[in-house]
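One structure is given below, encoded as structure tokens.
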Amino acid sequence: MKDFKQEKTRVDQADRTIYDVKDRLDPAFLTDSGITPEIVNQISKEKNEPEWMRLFRLKSLKLYNEIPLPSWGPSLDELNMDQIVTYVRPKSTMKAKWSDVPDDIKQTFERLGIPKAEQKSLAGVGAQYDSEVVYHNVRAEVASKGVVYTDIESALTGPYSEMIRKHFMKLVPPSDHKFAALHGAVWSGGSFVYVPAGVSVEIPLQSYFRLNAPGAGQFEHTLIIVEEGAYLHFIEGCSAPRYYVANLHAGCVELYVGKNARLRYSTIENWSKNMYNLNTKRASVEEGGTVEWISGSFGSHISYLYPMSILKGKKARMEFTGITFAGEGQNLDTGAKVLHAAPDTTSHISTKSISRDGGNSTFRSLVTVTEKAEGSKSAVSCESLMLDSISRSDTIPVMDISCNQADIGHEAKIGRISESAIFYLMSRGLSEDDARALIVGGFAEPIAKELPLEYAVEMNNLIHLEMKGSIG
């Protein structure tokens, strides 16, 4: 991890050095900006895809042109798709050896600590640069158990092609909303993971997505299938340098959790503040299965992010733990959704949000309990901390209960830092800035302890830096 030694004196000095280093734009190929049938056909041709995928893309584009912008979150009127480049291919094909990755791309991921993390604590790593995966590897001992971890394009034309076709955008159909349709039309890159029945992958897998090109979009697709009785922890990280033009992230994650299987999905989204983050994530959970979402949202100009869990089988479980940090110029609309569609299913949603310097943080949740879900339980808890009088925090919970035999609860807390707590800590020798940072760190600690160690350290450093001198 980066060694943070220099204390900041102003809020706009928060250290993003390792994220904001920009590589010279030198792609092997990129499309024109905008989105047209010609561009969609061009992307499919460049990838040498099967005909069914090309037709799928064109059908998605038609839906994209028909579906209006979302009406429930922050305004997207300033996002001009005519100025977004939807496909940027770097000068590298996918490599299985890190030494074979081109030096400029390799140096970018080395600054982010990806190779070191792989050596120390990961069972496999995928690295995407702009629109294509440039590196993918999985430990031999994991692959020997039948675990498949590769880029989704290789899987699309390889021995798992029928499995991809059966599952691709079935949980998140292009008709779901405008940016799901956009994803279906121009998706590129991402990961495919298959864990056979009864196999436990004790060491996490990780994919990292880096967007370097200004004015571009990233549209990776992640598809994970965990069969009966299996276990997997998957980590997703993403970042981009800051530009003064809009960038767009509209990825898609589809998770299939089998009977009595367990999948833990951890995400840290540390985008730059010119990013529109319009990501869609969804899980299907069979009988006795468990999906655990760990989510951290620390960047982007505007975010729409509501991971959804469909509890299909009896005693299926879902847990969502999330934190959002919104500063100046940020409007982060995040939360979670769950559908209880079977008896004795349980869900627990726990989120914390921090807003400062005029940042807007909105928690949005949807809990749906069908008539078939007798004996189901759901608990929703959201806590918001505002660090000044110009920031905003909103809570918008929705509960749609169609079953009398269900136990559903919701609680929300919105507040500010207690001046008496600041006074107490200062009386023990802390400066005012350190006292505030300590309180905010304690507020976030229940989330941090659920994150992979290096990400937890990164989050705590970020919070500490952002607090220094930012309020008074």
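In what follows, residues are counted from 1 in the order of the sequence shown.
- Side-chain contact between Glu269 and Thr334 is absent, with no heavy-atom pair separated by less than 4.5 Å.
- With 3.5 Å as the limit, one finds no donor-acceptor pair spanning the side chains of Thr324 and Ser297.
- Between Asp130 and Arg89 there is no salt bridge, since no side-chain N of the basic residue sits under 4.0 Å from a carboxylate O of the acidic one.
- Aromatic ring orientation, His183 versus His221: tilted (interplanar angle from 30° to 60°).
- A 4.5 Å side-chain heavy-atom check between Ile310 and Met308 finds at least one atom pair inside the cut-off.
- In Glu141, the CD atom is crowded: over 12 heavy atoms of neighbouring residues, nucleotides or ligands sit closer than 6.0 Å.
- With a 4.5 Å cut-off on side-chain heavy atoms, Asp77 and Leu69 count as touching.
- Here Arg165 pairs with nothing under the salt bridge (charged side-chain N to carboxylate O under 4.0 Å, His left out) rule; sequence neighbours left out.
- Under the 4.0 Å criterion applied to side-chain N and carboxylate O atoms, Glu319 and Arg317 are assigned as salt-bridge partners.
- For Glu254 and Lys170, the salt-bridge test fails: no basic side-chain N is under 4.0 Å from an acidic carboxylate O.
- Using a 4.5 Å heavy-atom threshold, the side chains of Phe192 and Met163 count as touching.
- Between Glu286 and Lys315, no side-chain nitrogen of the basic residue sits less than 4.0 Å from a carboxylate oxygen of the acidic one, so the salt-bridge criterion is not met.
- Of the N and O atoms on the side chains of Ser154 and Asp151, at least one donor lies less than 3.5 Å from an acceptor on the other residue.
- Ring geometry for Trp271 versus His249: interplanar angle of 30 to 60°, hence tilted.
- Taking the ring centre of Tyr64 as origin, the terminal cationic atom of Lys178 falls inside the region bounded by 6.0 Å and 45° from the ring axis.
- Looking at residues two or more places apart in sequence or on another chain, you find no salt bridge (charged side-chain N to carboxylate O under 4.0 Å, His left out) involving Lys59.
- Side chains of Tyr304 and Asn277 form no contact here, defined as non-hydrogen atoms less than 4.5 Å apart.
- Taking the side chain as every heavy atom from C-beta outward, Lys337 and Ser309 never approach each other to under 4.5 Å.
- Between Glu227 and Lys259 there is no salt bridge, since no side-chain N of the basic residue sits under 4.0 Å from a carboxylate O of the acidic one.
- For residues 38-60, the set of pairs meeting the ring pair (Phe, Tyr, Trp, His ring centres under 6.0 Å) definition, not counting sequence neighbours, comprises Phe56-Phe168.
- Residues Leu248 and Met81 are in side-chain contact: their nearest non-hydrogen atoms beyond the backbone lie under 4.5 Å apart.
- Each of Ile401, Thr368, Val367 was scored for a side-chain contact (heavy atoms from CB on, under 4.5 Å) with His340, with one residue passing: Val367.
- For the residue pair Thr370/Ser402, the side-chain donor-acceptor check at 3.5 Å is not satisfied.
- Ionic pairing of Asp176 and Arg282 is present here: one or more N-O contacts between side-chain nitrogen and carboxylate oxygen are shorter than 4.0 angstrom.
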